[in-house]
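Below: one structure, written as structure tokens.
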Amino acid sequence: WDLDLPTQRKMLSMVRCDAKRRQHHEAFVADTLPPLKASLTPDNFRDMAEGAVSLLESEFWAEVSGYDGAVAKESKGKLCDGVWPLLHEAHDGYVRAAREDEEERFSANVRGLLPDEEEM
């Protein structure tokens with residue numbers, strides 16, 4: 001193979017940016033997502049999610065800024081594309097738990113309104 005220097009540089013950028021993307025994604029899942037899920041509320045979800053993704057992007061960008069710009073930008077996009085579904089899943093889990101709590105309270109109130117079977 002007789003590759004020119006720009007092609008070799010781009011290929012090296014692709015390999016290293018992909019490795020950094022996987023590393024940052026794994027760290028986000030292991031270190032950022034659990035405490036984020038634990039502190040989510042309807043009032044803070046958007047700000048916390050955007051803040052977490054913004055921090056992830058800036059940390060990733062700081063590590064890949066010396067590589068080919070187009071490759072680094074594409075890798076950053078893939079990183080975010082992999083993180084947003086996790087945040088959406090966290091949101092859905094929060095909504096599901098809130099709905100279940102509300103249904104349980106409603107059911108308890110309805111049971112309180114109904115006469116006991118012995119009274120019928």
Side-chain angles (χ1 to χ4, degrees):
W1 291 16
D2 192 22
L3 297 175
D4 56 36
L5 200 54
T7 302
Q8 290 175 344
R9 184 177 187 274
K10 188 166 187 163
M11 289 174 62
L12 180 62
S13 291
M14 291 167 68
V15 169
R16 292 201 174 151
C17 286
D18 191 54
K20 292 289 182 183
R21 178 188 57 78
R22 285 192 311 272
Q23 176 187 359
H24 281 269
H25 184 270
E26 290 168 5
F28 184 86
V29 169
D31 303 331
T32 304
L33 196 57
L36 183 67
K37 282 181 171 181
S39 60
L40 289 178
T41 68
D43 297 327
N44 72 9
F45 179 81
R46 180 180 179 155
D47 290 339
M48 291 189 72
E50 287 177 346
V53 172
S54 179
L55 180 62
L56 178 68
E57 285 178 325
S58 65
E59 289 174 349
F60 177 77
W61 198 252
E63 290 191 33
V64 300
S65 63
Y67 298 117
D68 182 86
V71 171
K73 185 177 180 181
E74 181 181 343
S75 293
K76 185 180 75 145
K78 288 179 182 178
L79 176 63
C80 293
D81 288 348
V83 166
W84 280 113
L86 299 173
L87 293 169
H88 184 60
E89 182 181 304
H91 175 268
D92 287 350
Y94 181 84
V95 169
R96 205 171 18 261
R99 185 180 304 127
E100 288 169 1
D101 288 346
E102 190 63 28
E103 287 175 358
E104 182 59 35
R105 282 201 318 260
F106 180 78
S107 294
N109 287 333
V110 168
R111 283 190 298 273
L113 293 174
L114 297 174
D116 291 333
E117 286 186 25
E118 294 110 27
E119 295 176 12
M120 294 171 101

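Note that this is a predicted model, so its numbers are computed, not measured. When a residue number appears, it is its place in the shown sequence, counting from 1.
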Exercise. Taking only residues two or more places apart in sequence or in another chain, which ones pass side chain to side chain donor-acceptor pair (under 3.5 Å) with E102?
Worked result: R105
Exercise. Hey, any chance L33 and W84 share a hydrophobic cluster, counting ILVMFWY side chains that come within less than 4.5 Å of each other, even indirectly?
Worked result: yes
Problem set entry | Gap separating the OH atom of Y67 from the CE atom of M14, nearest 0.5 angstrom | 14.0 Å
Hey, can you pull the donor-acceptor pairs under 3.5 Å for the side chains in residues 38-55, sequence neighbours left out?
from, atom 1, to, atom 2, distance (Å)
S39, OG, P35, O, 3.1
S39, OG, L36, O, 3.3
T41, OG1, D43, N, 3.3
T41, OG1, N44, N, 3.2
T41, OG1, N44, OD1, 3.2
N44, OD1, T41, N, 2.7
N44, ND2, S39, O, 2.9
R46, NE, E50, OE2, 3.2

Problem set entry | Spacing of R99 atom CZ and E104 atom CD [to the nearest 0.5 Å] | 15.0 Å
Exercise. Does atom CD of Q23 have more than 12 heavy-atom neighbours, drawn from other residues, nucleotides or ligands, at distances under 6.0 Å?
Worked result: yes
Seminar exercise, completed: side chain to side chain donor-acceptor pair (under 3.5 Å) filter on R22, not counting sequence neighbours, yields D18
For this session: Sequence neighbours left out, what passes side chain to side chain donor-acceptor pair (under 3.5 Å) with K20? Give chain and number order.
Result: E63
Exercise. Could you give the distance from CG (L56) to CG (L79), rounded to the nearest 0.5 Å?
Worked result: 4.5 Å
Seminar exercise, completed: Contacts of E59 meeting salt bridge (Lys or Arg N to Asp or Glu O under 4.0 Å) (sequence neighbours excluded), chain-then-number -> none
Exercise. Measuring from S13:OG to K10:NZ, what's the distance to the nearest 0.5 Å?
Worked result: 9.0 Å
For this session: Locate the shortest heavy-atom distance separating S75 from R21; write the atom from each residue and the value.
Result: O-CD, 3.5 Å
Seminar exercise, completed: Hits for salt bridge (Lys or Arg N to Asp or Glu O under 4.0 Å) against R96, two or more places apart or cross-chain, chain-then-number order -> none
Problem set entry | Linked, directly or transitively: V71 and V15 (ILVMFWY side chains, under 4.5 Å) | no
Exercise. Roughly how far apart are K78 NZ and H25 NE2, rounded to 0.5 Å?
Worked result: 13.0 Å
Exercise. Atom NZ of K73 and atom CG of D68: how far apart are they, to the nearest 0.5 Å?
Worked result: 12.0 Å
